[in-house]
Number of protein chains: 2
Amino acid sequence: MSRNITIKDIAREAGVSISTVSFAFNGTAPVAAETKARIFEVIKRLNYQPNSAARGLVTRKTNNICLFTPHPASDFFSFKGNSVFADLLQGIGEVLDQKDHNLLISWENLGHKAKTPKLIKLMRERAMDGVLISLPDHDSSIIEELTEQNFPVVILGSNDLKNQVNSVDVDNYEIAYRNTQHLIDLGHTRIAFISPGPLEFLVCEDRLEGYQDALDSAGIKRKEEYIYIGDENESSGRKAAEHFRLLKEPPTAIVAGRDVQAVGVLDYAAANGLSVPGDIALVSFENTALADKYGITSITTNLYEIGKEGAKLLLKLLNRKKDRPAQNISIPSELIIRSSCGAQTGSA
Amino acid sequence: MSRNITIKDIAREAGVSISTVSFAFNGTAPVAAETKARIFEVIKRLNYQPNSAARGLVTRKTNNICLFTPHPASDFFSFKGNSVFADLLQGIGEVLDQKDHNLLISWENLGHKAKTPKLIKLMRERAMDGVLISLPDHDSSIIEELTEQNFPVVILGSNDLKNQVNSVDVDNYEIAYRNTQHLIDLGHTRIAFISPGPLEFLVCEDRLEGYQDALDSAGIKRKEEYIYIGDENESSGRKAAEHFRLLKEPPTAIVAGRDVQAVGVLDYAAANGLSVPGDIALVSFENTALADKYGITSITTNLYEIGKEGAKLLLKLLNRKKDRPAQNISIPSELIIRSSCGAQTGSA
DNA sequence: CTGAAAGCGCTTACAG
DNA sequence: CTGAAAGCGCTTACAG
């Protein structure tokens, strides 16, 4: 590779000092109009782009933001649905793009139990300015270590550290409560719940709690057998529906953990001559294209907005001198009523 | 944030010079055993991690590898199926992890037509050591600019630049040919094709050509109406099946572009009293869990291996002094026979 | 408005 | 085996 153009080349070619080039290029000090024009002519002609390592060494900034998950990639990217994950990334990317930041992406591989967790290593070697953490579980030791060092962190999604760490999320507790309450309002008392994934993910736990508290508030007794742990596959919805159906007292309504699970429930119902919402009233989360297509009542979980607001918040943190109390941003959700819950037709 | 531990701190604390610390830490020159022990004790105690910017400034390496797509994130991540994309990332990540490299991820947002493409900017400011390019289309100007500068590039997937640029892919032409040939061997002559996505993606074009050439070789006349441009949604498979069914001369076999489309075809068939493989023989690509679940004959497209081999190849490039001719690695594919094609039962 | 100089935290010849 | 010194390409006081 041929030698790269440096600030010295520009300075020599433009007949000025390197400080003047730096001032002009960065707009960080006034430079005479003609000088500036000459400098920029040379910059353009020579295709100059400042070396980020050199710049980073003195400014102590990399302009890299890390999106991290303390889980293997497969868990992470499968857990988030297809389009849903793209939305998160798109939201983050748009904001970072605009502010000239790069996106680093990292996860903890199973079995790769290094002495130093990857993220801590990245922080110590200053490979990034801040981190967005997604899908945290109960082990918040990494997050605590980062925040102790005053390293800028924003959590995307449910977390254990409310009020201590900046975060952006939909209120999973609240939307599960709302979904459940909606079914209660429609007269149901035998209401089952499918978790969108394993309960070690806080998003799942939060939703379960919201569901349970809604039942409690309505004076409806919880039933262990009304809870099914699903996953990102449609089949888990089908299996859940079957599990519920085989109970002595089958539920009359189901809170599915995600739209694809709701589709599985619909599938099981159709295959077994059950009517939705007649025999089973159904609500879900995400409000993806699937919900629209199959007429599933679903509450929005706007990952695009989470990504966007998360990135914005992190960037704001980077520009602040003094500490401020942690901010917990909640992205509003909307319950989209369709045919599956029985509210629309009134014929439930 | 408190001041960070530097090599100076280690040197002072260990009572040696900074060169010795550097030599010991990097194993880049012999250091007396006791000296080394003392140094590492201090390193551990003080949690030292070398500053990557400082190191990068002199070594001219960032240890960052960029995964880039010249398309908006939504296109990219949706195009690759859910798990399929996770597999690609997982493959890349495992290799980079092991070699202590970080993954930068970048894409070209629509409407964000900057004067300098993002990737070129990243290259010029030396924010990464090399780049993996995924989902390229016919506009290879960016890739050409990178290779002209001798910047290390590996293309993941189909590309226009065979023999000029390093690449790793399944042979999309060949697997489409093989899929089609399989149906021909089963006696079909009216064979339709669903593209996995828009033809601007080279992977789609390659598969279309493989399909067409298989027909040509068998002396079967191509029919424009036997080609349907699908997308990443199941519904596109359903629509394709309907489109084909309404033709005057409906096909007796379909090469679906991806498993989820094949599921759509099955769905349409079931809803319309058509038997698979009786009325429609069906083959597909990807061999995901869906194929297994629904008994779809499908040819593997191992994205995990593509990611892994791509990352390995790129890392090898980084360590080479002199140029070598571009390498085009082909990941082998396997046709997994299941019930949908009619080969298994012989009752097609 | 402009320039000379120090310094960011490393690596790497070069001496010894 | 170890250390003093130069230098990577920038930014940023400091003088003028």
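Below, chains carry the letters A, B, ... as their sequence lines are ordered, and counting in each starts from 1.
Residues that satisfy the side chain to side chain contact (heavy atoms under 4.5 Å, CB included) test with A:T20, not counting sequence neighbours, are A:V16, A:S17, A:V31, A:T35, A:I39. Residues forming a salt bridge (Lys or Arg N to Asp or Glu O under 4.0 Å) with A:E309 (at least two apart in sequence, or on another chain): A:K312. Shown here are the salt bridge (Lys or Arg N to Asp or Glu O under 4.0 Å) partners of B:K121, two or more places apart in sequence or in another chain: A:D100, B:E125. For A:R124, the salt bridge (Lys or Arg N to Asp or Glu O under 4.0 Å) partners two or more places apart in sequence, or in a different chain, are A:E145. With sequence neighbours excluded, no residue forms a salt bridge (Lys or Arg N to Asp or Glu O under 4.0 Å) with B:K61. B:L161 pairs by the side chain to side chain contact (heavy atoms under 4.5 Å, CB included) definition with B:S140, B:I143, B:E144, B:I155, B:N159, B:Q164, B:V165, not counting sequence neighbours.
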Enumerate donor-acceptor pairs with a distance under 3.5 Å from any side-chain N or O in residues 23-30 of chain A to protein atoms, sequence neighbours excluded.
residue, atom, partner, partner atom, Å
A:N26, OD1, A:R55, NH2, 2.9
A:N26, ND2, A:S22, O, 3.0
A:N26, ND2, A:S22, OG, 3.4

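Residues from residues 32-43 of chain A lying near DNA chain C, meaning a heavy-atom separation below 4.0 Å, are A:A32, A:T35 in numerical order.
The separation between A:R12 atom CZ and C:dT2 atom P is 19 Å, rounded to whole Å.
Within the structure, every pair that satisfies the salt bridge (Lys or Arg N to Asp or Glu O under 4.0 Å) test and touches residues 44-53 of chain A, not counting sequence neighbours, is listed here: A:E13-A:R45, A:E41-A:R45. Among residue pairs with one or both ends in residues 148-159 of chain A, none qualify as salt bridge (Lys or Arg N to Asp or Glu O under 4.0 Å); sequence neighbours excluded.
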- request: Toss me the dot-bracket line for DNA chain C: Watson-Crick and G-U wobble, both under 3.5 Å, 5' to 3', using | for pairs to another strand and [ ] for crossers.
  value: |||.||||||||.|||
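Distances shorter than 4.0 Å separate none of the side-chain N or O atoms of B:S17 from OP1 or OP2 on D:dT2.
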- prompt: Could you walk me through whether A:S330 and A:D169 pass the side-chain contact (heavy atoms from CB on, under 4.5 Å) check?
  reply: CA-CA 5 Å; A:S330 200; A:D169 199 8; over 6 Å; no
message: For nucleotides 8-16 of chain D, give me one character per nucleotide, 5' to 3': B if any protein heavy atom sits under 4.0 Å from the base, S if the only such contacts are to the sugar-phosphate, - if neither.
response: BBBBBB---
